[in-house]
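Values reported hereafter were calculated over all heavy atoms of this structure, with side chains retained and with hydrogens, waters and symmetry mates removed. Note on naming: letters A, B, ... go to the chains in the order of the sequence lines (proteins, then strands), and numbering restarts at 1 for each one.
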Amino acid sequence: MSEAHPPAKKKQKKRKRPDPRLPRGFRDLPPGDLVLRREMIRRVCEVYERYGFTPLETPAVEYVETLGKFLPEADQPDGGIFAWRYDDGEWVALRYDLTAPLSRYVAKNFQELGMPFRRYQTGPVWRLEKPEPGRYREFVQLDIDIVGAGSVLADAEVIDVLAHAMEALEIPRGSYLVCVNHRRVLNGLLERAAVPPEKTLPVLRALDKLDRLGLDGVRALLGPGRRDQGSAAGEGDFTPGADLAPEQIETLLAFLAAPAEGRRGYLEAVRPLVEGTPDGDAGLAELAELDAILDERGLGTDRVVFNPTVVRGLGYYTGAVVEVVLTFEVEEGAERRRFGSVAGGGRYDDLIARFTGQKVPATGASIGVDRLLAALKALGKVETDTAGKVPVLVTTMDRSLRREYQAWADELRAAGIATELYCGSGNVGKQFKYADRRGFTVAVVAGGDEMSRGEVSLKDLRLGKELSRSEELAADRKQWLEQLPGQFSVPRERLVDGVREVLARYGR
RNA sequence: GCAGCCGUAGCUCAGCUGGUUAGAGCGCCUGACUGUGGAUCAGGAGGUCGCAGGUUCGAAUCCCGCCGGCUGUACCA
């Protein structure tokens, strides 16, 4: 094969060998994580269904104009999405959320759908953004929406279902908080502060940054602008400010300082700042009604609060805006960090009109599955050590007993116990090593000795691991072999019972 | 996107101001201890020094570009 020109051949082959790499921002999901994610999604969907939401699935690819990301000037989609062009010149893209496809779906099937239409949907979405720790270019969302209902009751329903989803995941009350604000209240504030239309975007962006930049940072952004510190050597980047006058800025900051002490308290604090503007009055009225509905449902301020700093999606929401934040802190290296937002949503009454020309009210929310899962791990609310692991391994030490090994595996499987039959090569030692590494709980082992007694041996691998750390066994292999820590034998017909017993020790 | 820092074995890193065959620990594989994970012992595999150029007699080490990672910032439907 390589006699003729070995070095050249080798070199060539090496050059062609591909790197087993992944495109930037993408990742594999190993069994443990996948199992946890599926379980989490299952629980949340169960809540969704209990609230009368029915499932819907739409394709990963949509026309760019459907997604509303077409640049009007250039003949090109906006950045931030994965887009490409078909042969006929049409631009398509991977969806970047589940709401735009829903709007398209509703517009397309408007006649058949009875109008308050509620659905839930889960699946991956893609965004071409800078990946960060815990933030990828492909991630999963879990959405609920109610289309065709403009009532505050619909908004309350969304809030309610979010709170219950959190509790279905066993996030303790007090560790999560549904924060609510209202877009029209913000509009009223902007009007009161005499913020010109062309500055509303920068102003809202600035208000949204309170938690990260603090009051002084926001003040700078509303005024002359802000330079970030960068690193020690660098200058940092300059963010242009909104250039507002000092009294405008103070009006806005006074709003941010509105107490979140009770929803009623928020309303009273905010009222003087926005009252008298059409938007402000309408927004306040809706929030007041929302407060009443939440009360009727028994959703107190331990679960749902009004909060002036919730701004969210800028050119998008038209009414109530919602954000679920996790309030506990988590150790991250030396620092403690707030976990932050795991879900968001709100009312978007203009999205479907893009297609139909007819205003169709809609409200909904989206849970960020991966962020929430990270939170559950931090909370210790998920079994990370057994997720994705098979409990039982039937070892195959003696070729002549093949028939028996298979029968045992079958028996365990029939009893509903996930069982792997060892198919690899190697002696028992190797098989135990494998069992240890892969995290099995029980190993079934039998050779001539057991067979002659009509028994099988079961090994509690976790107990064995524990025992192997003990003093006596530490250095003495002979003792190790004599004691076979964690191992015991049962009559062959008690195989399933014996395995169950060991599994029960670990609640499996 | 912008700015700064970083990129040496699977992992964590060493390799001084450029100088011969690039190292360690852990991990991995094989074997021994006669049917057992751990411990111990004996061997072994594994590195295009992120990639591609340039400077040089000579580069992992200096310069440029690209890719990737981290941090901050911008954008975020």
Side-chain angles (χ1 to χ4, degrees), chain A residues 10-11 14-15 17 19-25 67-69 78-81 93 95-101 103 125-133 135 141 201-202 205-206 208-209 212-213 217 221 225-240 311-317 333 335 341 344-346 348 351 366 393 395-398 401 426-440 443 445-451 457 459-487:
Chain A
K10 198 175 179 187
K11 200 171 183 184
K14 208 158 196 184
R15 184 161 294 178
R17 213 157 9 214
D19 258 19
R21 65 201 174 127
L22 236 30
R24 180 164 204 225
L67 300 176
K69 291 294 282 185
D78 199 354
I81 60 174
R95 65 186 178 203
Y96 58 84
D97 72 7
L98 299 176
T99 311
S103 304
V125 302
W126 296 267
R127 295 185 188 178
L128 191 54
E129 289 175 333
K130 178 190 166 190
E132 276 166 37
R135 220 177 164 202
Q141 293 194 325
L201 238 60
R205 279 180 195 140
D208 201 30
K209 295 191 172 82
R212 197 151 47 86
L213 302 182
L221 284 176
R226 176 178 178 280
R227 183 172 291 286
D228 76 68
Q229 72 262 57
S231 63
E235 269 284 272
D237 220 4
F238 182 75
T239 311
V311 178
R312 298 200 60 82
L314 302 167
Y316 192 87
Y317 292 113
E335 288 176 39
S341 171
Y348 51 100
L351 224 52
S366 177
L393 178 74
T395 60
T396 52
M397 63 183 277
D398 185 340
L401 297 176
N427 57 17
V428 216
K430 192 171 172 192
Q431 298 191 32
F432 270 97
K433 202 166 189 173
Y434 170 81
D436 182 42
R437 196 136 333 133
R438 293 284 289 270
F440 291 91
V445 53
D449 297 352
E450 284 85 353
M451 289 309 289
S457 288
K459 183 152 193 168
D460 179 337
L461 291 162
R462 297 202 208 181
L463 179 60
K465 193 178 198 108
E466 205 47 52
L467 293 175
S468 77
R469 295 204 184 93
S470 77
E471 297 286 318
E472 305 96 279
L473 289 176
D476 190 352
R477 182 175 163 84
K478 203 162 244 169
Q479 234 183 36
W480 165 267
L481 289 179
E482 277 166 11
Q483 294 194 2
L484 295 178
Q487 187 166 322

Item to check | Earlier contact from the 5' end, RNA chain B, for A:T239 and A:S457 | outcome: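 It is A:S457, whose closest nucleotide lies nearer the 5' terminus.
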Item to check | Along RNA chain B (nearest heavy atom to each residue), the more 5'-positioned of A:G25 and A:L213 | outcome: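 Nearest-nucleotide comparison on RNA chain B picks A:G25.
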Contact under 4.0 Å: [X] side-chain N or O vs [N] OP1/OP2:
| X | N | value |
| --- | --- | --- |
| A:R205 | B:C75 | yes |
| A:K430 | B:U30 | yes |
| A:K209 | B:C75 | yes |
| A:R212 | B:U73 | yes |
| A:R437 | B:C29 | yes |
| A:R95 | B:A77 | no |

For residues [X] and [Y], report the shortest heavy-atom separation together with the two atoms involved.
| X | Y | answer |
| --- | --- | --- |
| A:A93 | A:L67 | CB-CD1, 3.8 Å |
| A:R95 | A:P101 | CB-CG, 4.1 Å |
| A:K209 | A:L221 | CD-CD1, 3.9 Å |
| A:L351 | A:S103 | CD2-OG, 3.5 Å |
| A:E450 | A:S457 | OE2-OG, 2.7 Å |
| A:A446 | A:M397 | O-CG, 3.5 Å |

[X] side chain, from C-beta outward: closest of [options]:
| X | options | result |
| --- | --- | --- |
| A:E132 | B:U36, B:U73, B:G37 | B:U73 |
| A:K433 | B:G35, B:C75, B:C29 | B:C29 |
| A:K459 | B:C76, B:U36, B:U73 | B:U36 |

Spacing of [X] atom [atom1] relative to [N] atom [atom2], expressed in whole Å:
| X | N | atom1 | atom2 | result |
| --- | --- | --- | --- | --- |
| A:L481 | B:C33 | CG | C1' | 8 Å |
| A:L393 | B:G37 | CG | C1' | 12 Å |
| A:I81 | B:A77 | CD1 | P | 14 Å |
| A:F432 | B:A39 | CZ | P | 16 Å |
| A:R135 | B:U73 | CZ | P | 13 Å |

Distance between [atom1] atoms of [N] and [M] (Å, rounded):
| N | M | atom1 | answer |
| --- | --- | --- | --- |
| B:U17 | B:G53 | C1' | 25 Å |
| B:G69 | B:A32 | C1' | 43 Å |
| B:A24 | B:A3 | C1' | 36 Å |
| B:G15 | B:G31 | C1' | 33 Å |
| B:G35 | B:G27 | P | 26 Å |
| B:A9 | B:A52 | C1' | 23 Å |
| B:C63 | B:G23 | C1' | 27 Å |
| B:C29 | B:G38 | P | 10 Å |

Give one of base, sugar-phosphate or nothing for [X], where a contact means two heavy atoms less than 4.0 Å apart.
| X | answer |
| --- | --- |
| A:R127 | base |
| A:D460 | base |
| A:Q141 | nothing |
| A:G486 | nothing |
| A:D449 | base |
| A:Q431 | nothing |
| A:G447 | base |

Checklist entry - Does any non-hydrogen side-chain atom of A:D436 lie less than 4.5 Å from one of A:L461? => result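 No, their side chains stay 4.5 Å or more apart.
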Next on the checklist: If you define the side chain from C-beta out and look only at heavy atoms, does anything of A:Q487 sit under 4.5 Å from A:V445?
Outcome noted: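 Result yes, sub-4.5 Å side-chain heavy-atom pair found.
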Item to check | Contiguous Watson-Crick or G-U pair runs (3 or more, under 3.5 Å) in RNA chain B | outcome: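 Correct response: B:1-7 with B:67-73, B:10-13 with B:23-26, B:28-32 with B:40-44.
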Next on the checklist: Is it the case that B:U71 (base atoms only) and A:K130 (side chain only) share a donor and an acceptor within less than 3.5 Å, ignoring hydrogens and angles?
Outcome noted: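 Donor-acceptor pair under 3.5 Å: yes.
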Item to check | Polar side-chain contact A:E450-B:G35 base: donor and acceptor under 3.5 Å | outcome: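 Side chain to base: pair found, below 3.5 Å.
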Checklist entry - Stacking here means centres under 5.5 Å and planes under 30°; does A:W480 stack on B:G38? => result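 It does: the ring sits over the base of B:G38.
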Checklist entry - Are A:Y96 and the base of B:A77 stacked, counting only ring centres nearer than 5.5 Å and planes tilted under 30°? => result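 Stacked: ring centres under 5.5 Å, planes under 30°.
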Checklist entry - Is the A:Y348 ring parallel, tilted or perpendicular to the A:Y317 ring (thresholds 30°, 60°)? => result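 Answer is perpendicular, since the angle exceeds 60°.
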Checklist entry - Within the side chain of A:R127, is there an N or O that forms a donor-acceptor pair under 3.5 Å with the backbone of A:Y96? => result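 Yes; at least one donor-acceptor contact below 3.5 Å.
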Between the protein and nucleotides 8-11 of chain B, are there any N/O to N/O pairs under 3.5 Å, and if so, what are the atom names and distances?
none

